[in-house]
**Student:** 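Got a structure here, written out as structure tokens. Questions coming.
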Amino acid sequence: MKKTDAFVSVMLYEMNSKYTDSTVYKENPRYITNTLDSATTFKLENLKAGKYQLIALKDENNNNKYNSITEKIAFHKEIITIPNDTLFELALFKEQPTFKASKPSQGSGNRAIMGYEGDVKDLKLTLKKQEELIPLIITKFQEKDSVQLWYKNNTVDSLRLNVTKGKYAKDFVFNLKKQKNDTLVISPKQSKILSLRENFILKSTIPLVKFDTSKMQLINKDSTAIAFKIKYNEWDQELAFDFKKEPLEKYKIKLFPGALEDYLEHQNDTLIVDFETKNVSDYGNLRLKLENIKQFPIIIELTNAKGDVLASEYSESSTNIEFNLIEPNLFTLRVIYDENKNKVRDAGNFLEKKQSEEVIYFPKEIDVRANWDVEQTFNLKP
């Protein structure tokens with residue numbers, strides 16, 4: 001269930017000799033109306049016969065021009081001809097900004113921070129001291145559109161960074177001051193309660209490079225050793241412990257000195273973390289039967305009222321989807337047609353005449369309560 005934006009401007013641009021794709025950024029439309037606060041439909045009347053580009057705009061600054069950084073847009077892919085009594089359906093989207101990097105700044109004695117706009121996929125960074133290549137680890141700066149550049153101590157006054165992504169390329173020189181190095185801190189990502197759906201995760205303040213599982217131990221409340229596997233996510237600086245979780249169980253993870261070593265050759269001190277699991281009856285199960293899927297693959301997401309994704313599944317062929325052992329909640333359900341098969345929803349782009357990947361929302365919230373099994377059919381036919 002998704003609410004339609006209020007106060008959306010609906011515009012017609014005349015397709016004359018002066019029109020280009022940049023016109024919507026610079027010029028006022030020939031005709032305009034507004035959907036007002038609650039309407040989801042619109043009508044434009046008494047129009048001059050001709051050919052037009054149909055645009056809808058969430059015009060935040062009320063200037064009747066498109067600002068791709070701050071505003072949502074929708075467009076009809078084909079040029080429309082007036083007169084016309086067709087009902088047009090438009091879907092607003094926020095464009096992914098074109099990639100752009102900001103000048104790095106020093107974050108500590110061994111770390112720089114670089115802000116960016118757009119998508120960092122396939123980003124390549126090269127750090128140099130004069131002509132000498134400096135080894136580099138790149139991680140996400142959490143909660144910000146920035147990356148962290150980790151390097152070992154240098155006594156130079158400045159470093160040069162080359163940034164490339166696709167056709168984008170830029171060089172930056174940033175100055176260094178004498179600052180303290182970061183300190184290694186290992187801490188649990190979750191609270192004392194571990195969901196039966198999740199792996200236990202430790203976060204580190206510095207990227208980790210060495211792991212000695214012989215110096216790690218996972219035991220239950222009876223002090224019985226539990227088999228586990230580890231997987232390190234360098235981008236998020238997270239170490240996951242994957243093991244078979246039992247309900248109503250208490251666990252203890254012990255990391256002895258030298259179990260972990262970070263990029264700066266620090267090793268951990270003894271770390272002991274206690275956590276536990278809840279009963280199966282504290283969770284609910286949602287089983288979906290999807291009908292009239294027009295294409296695969298699809299992304300199936302459960303979100304809360306704020307739009308935060310609480311659970312997700314990916315299907316390349318199955319129409320029966322199960323979300324088991326989920327926290328009780330009122331869920332919004334949506335299905336995304338993943339046209340480029342990259343397992344994320346891609347926004348549209350007006351200049352490229354590309355629509356966003358299609359999203360189908362279930363028409364009402366789904367109530368999953370503790371100790372409930374909910375079965376729901378979702379017909380995706382428009």
Side-chain angles (χ1 to χ4, degrees), residues 5 25 57-61 66-73 92-127 134 136-151 158-177 179 182 185 187 189 201 203-208 232-240 263 299 301 303-304 306-310 312 334 336 338 340 342-352 354-357 359:
D5 288 82
Y25 299 85
L57 193 64
K58 181 61 177 172
D59 191 12
E60 301 290 353
N61 58 6
Y66 177 40
N67 183 331
S68 62
I69 302 298
T70 59
E71 297 175 342
K72 294 180 182 179
I73 192 172
L92 287 167
F93 62 85
K94 180 76 167 53
E95 285 192 15
Q96 176 86 325
T98 301
F99 180 82
K100 180 182 178 182
S102 301
K103 184 176 181 179
S105 60
Q106 189 176 8
S108 70
N110 53 262
R111 176 173 53 96
I113 300 170
M114 185 191 79
Y116 64 85
E117 295 177 0
D119 183 9
V120 292
K121 183 180 179 181
D122 300 323
L123 175 67
K124 295 181 180 179
L125 302 178
T126 304
L127 190 65
I134 303 297
L136 187 64
I137 288 181
I138 305 162
T139 68
K140 172 68 176 171
F141 193 19
Q142 300 301 323
E143 310 302 329
K144 294 184 180 294
D145 288 337
S146 301
V147 292
Q148 300 182 110
L149 286 61
W150 300 88
Y151 50 86
S158 65
L159 291 171
R160 187 170 81 252
L161 179 70
N162 174 255
V163 182
T164 59
K165 175 180 162 60
K167 296 180 180 179
Y168 180 92
K170 191 159 185 177
D171 287 305
F172 295 100
V173 175
F174 59 100
N175 296 325
L176 300 179
K177 296 180 180 179
Q179 293 188 14
D182 289 287
V185 178
S187 57
K189 181 179 181 179
I201 292 175
K203 295 185 68 67
S204 65
T205 54
I206 302 174
L208 302 174
Y232 184 59
N233 178 343
E234 184 175 82
W235 177 248
D236 291 312
Q237 296 173 220
E238 294 182 350
L239 178 64
Y263 182 58
I299 305 168
E301 294 181 335
T303 74
N304 59 17
K306 296 179 181 179
D308 302 321
V309 177
L310 304 180
S312 173
R334 63 190 182 197
I336 301 166
D338 186 23
N340 62 0
N342 67 347
K343 298 188 178 182
V344 296
R345 192 203 178 201
D346 293 290
N349 186 288
F350 175 71
L351 290 179
E352 295 177 5
K354 183 178 73 173
Q355 300 283 358
S356 295
E357 289 182 327
V359 183

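No hydrogens, no waters, no symmetry mates; every other heavy atom, side chains included, goes into these values.
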**Student:** Looking at S312 and I299, what are the two nearest heavy atoms and their distance?
**Tutor:** OG-CG2, 4.0 Å

**Student:** Assess, by modelled atom type and distance only, whether the side chains of Q96 and N349 contain a donor and an acceptor separated by less than 3.5 Å.
**Tutor:** no

**Student:** Just how far is it from atom NZ of K100 to atom CG of D145, taken to the nearest 0.5 Å?
**Tutor:**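 K100 atom NZ to D145 atom CG measures 13.5 Å (nearest 0.5 Å).
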
**Student:** Verify whether one side chain among N340 and D346 offers a donor that lies under 3.5 Å from an acceptor in the other.
**Tutor:**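 There is such a pair (donor and acceptor under 3.5 Å, judged by atom type) between the side chains of N340 and D346.
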
**Student:** How are the rings of Y66 and Y25 set to each other: parallel, tilted or perpendicular (split at 30° and 60°)?
**Tutor:** tilted

**Student:** Quick one: pull up CD in E60 and OG1 in T70 and give me the separation to the nearest 0.5 Å.
**Tutor:**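 The CD atom of E60 sits 6.5 Å away from the OG1 atom of T70.
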
**Student:** Is it the case that the side chain of Y232 and the backbone of L208 share a donor-acceptor pair, with hydrogens and angles ignored and the cut-off at 3.5 Å?
**Tutor:** yes

**Student:** Ignoring hydrogens and angles, tell me if any N or O in the side chain of Q106 forms a donor-acceptor pair with the backbone of S108 under 3.5 Å.
**Tutor:** yes

**Student:** What do the steps show when you test D236 against Q142 for side-chain hydrogen bond (donor to acceptor under 3.5 Å, both in side chains), and what is the final call?
**Tutor:** CA-CA 8 Å; D236 291 312; Q142 300 301 323; 3.3 Å; yes

**Student:** Counting only heavy atoms from other residues, nucleotides and ligands, does the tally under 6.0 Å from NZ of K72 exceed 12?
**Tutor:**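 It does not: K72 NZ has 12 such atoms or fewer within range.
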
**Student:** Applying the salt bridge (charged side-chain N to carboxylate O under 4.0 Å, His left out) test to E301, which of R334, K343, R345 qualifies?
**Tutor:** R334

**Student:** Using a 4.5 Å cut-off on heavy atoms from C-beta on, say whether the side chain of F141 contacts that of M114.
**Tutor:**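 Counting from C-beta outward, M114 and F141 never come under 4.5 Å.
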
**Student:** How long is the gap from NZ on K94 to OG on S68, to the nearest 0.5 Å?
**Tutor:**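 Answer for the NZ-OG pair, K94 versus S68, is 7.0 Å.
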
**Student:** For residues 103-118, which residue pairs qualify under salt bridge (Lys or Arg N to Asp or Glu O under 4.0 Å), counting only residues two or more places apart or in two chains?
**Tutor:**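 Only R111-D182 qualify under salt bridge (Lys or Arg N to Asp or Glu O under 4.0 Å).
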
**Student:** Taking Y168 for the side chain and T98 for the main chain, is one N or O donor matched with an acceptor at less than 3.5 Å?
**Tutor:**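 Not confirmed, Y168 side chain does not pair with T98 backbone.
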
**Student:** Using 0.5 Å steps for rounding, measure from the CG atom of L161 to the NZ atom of K170.
**Tutor:** 11.5 Å

**Student:** Please list, chain by chain and in numerical order, all residues satisfying ring pair (Phe, Tyr, Trp, His ring centres under 6.0 Å) with F172, sequence neighbours excluded.
**Tutor:**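 Result, ring pair (Phe, Tyr, Trp, His ring centres under 6.0 Å) vs F172: none returned.
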
**Student:** Check whether any side-chain heavy atom of F99 sits under 4.5 Å from a side-chain heavy atom of L123, and report yes or no.
**Tutor:**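 A side-chain contact exists here, since the closest heavy-atom pair is under 4.5 Å.
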
**Student:** Is there a donor-acceptor pair under 3.5 Å between the side chain of T205 and the backbone N or O of V185?
**Tutor:**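 Yes, the answer is positive, given that a donor and an acceptor are paired below the 3.5 Å cut-off.
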
**Student:** So, E95 side chain and F350 main chain: donor-acceptor pair closer than 3.5 Å or not?
**Tutor:** yes

**Student:** Quick one: pull up CD in E71 and CG in L57 and give me the separation to the nearest 0.5 Å.
**Tutor:** 5.0 Å

**Student:** Would you say the side-chain atoms of T139 and Q237 include a donor-acceptor pair closer than 3.5 Å?
**Tutor:** yes

**Student:** Should the pair Y151 and F174 be assigned to parallel (<30°), tilted (30 to 60°) or perpendicular (>60°) ring geometry?
**Tutor:** tilted

**Student:** Look only at the side chain of S356 and the backbone of G348, and say whether a donor-acceptor pair between them is shorter than 3.5 Å.
**Tutor:**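 Indeed, once roles are kept as given, a pair shorter than 3.5 Å links the two residues.
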
**Student:** Determine whether L149 and V147 make a side-chain contact, defined as any pair of heavy atoms from C-beta on separated by less than 4.5 Å.
**Tutor:** yes

**Student:** Output the distance between atom CD1 (I137) and atom CG (L125), rounded to the nearest 0.5 Å.
**Tutor:** 13.0 Å

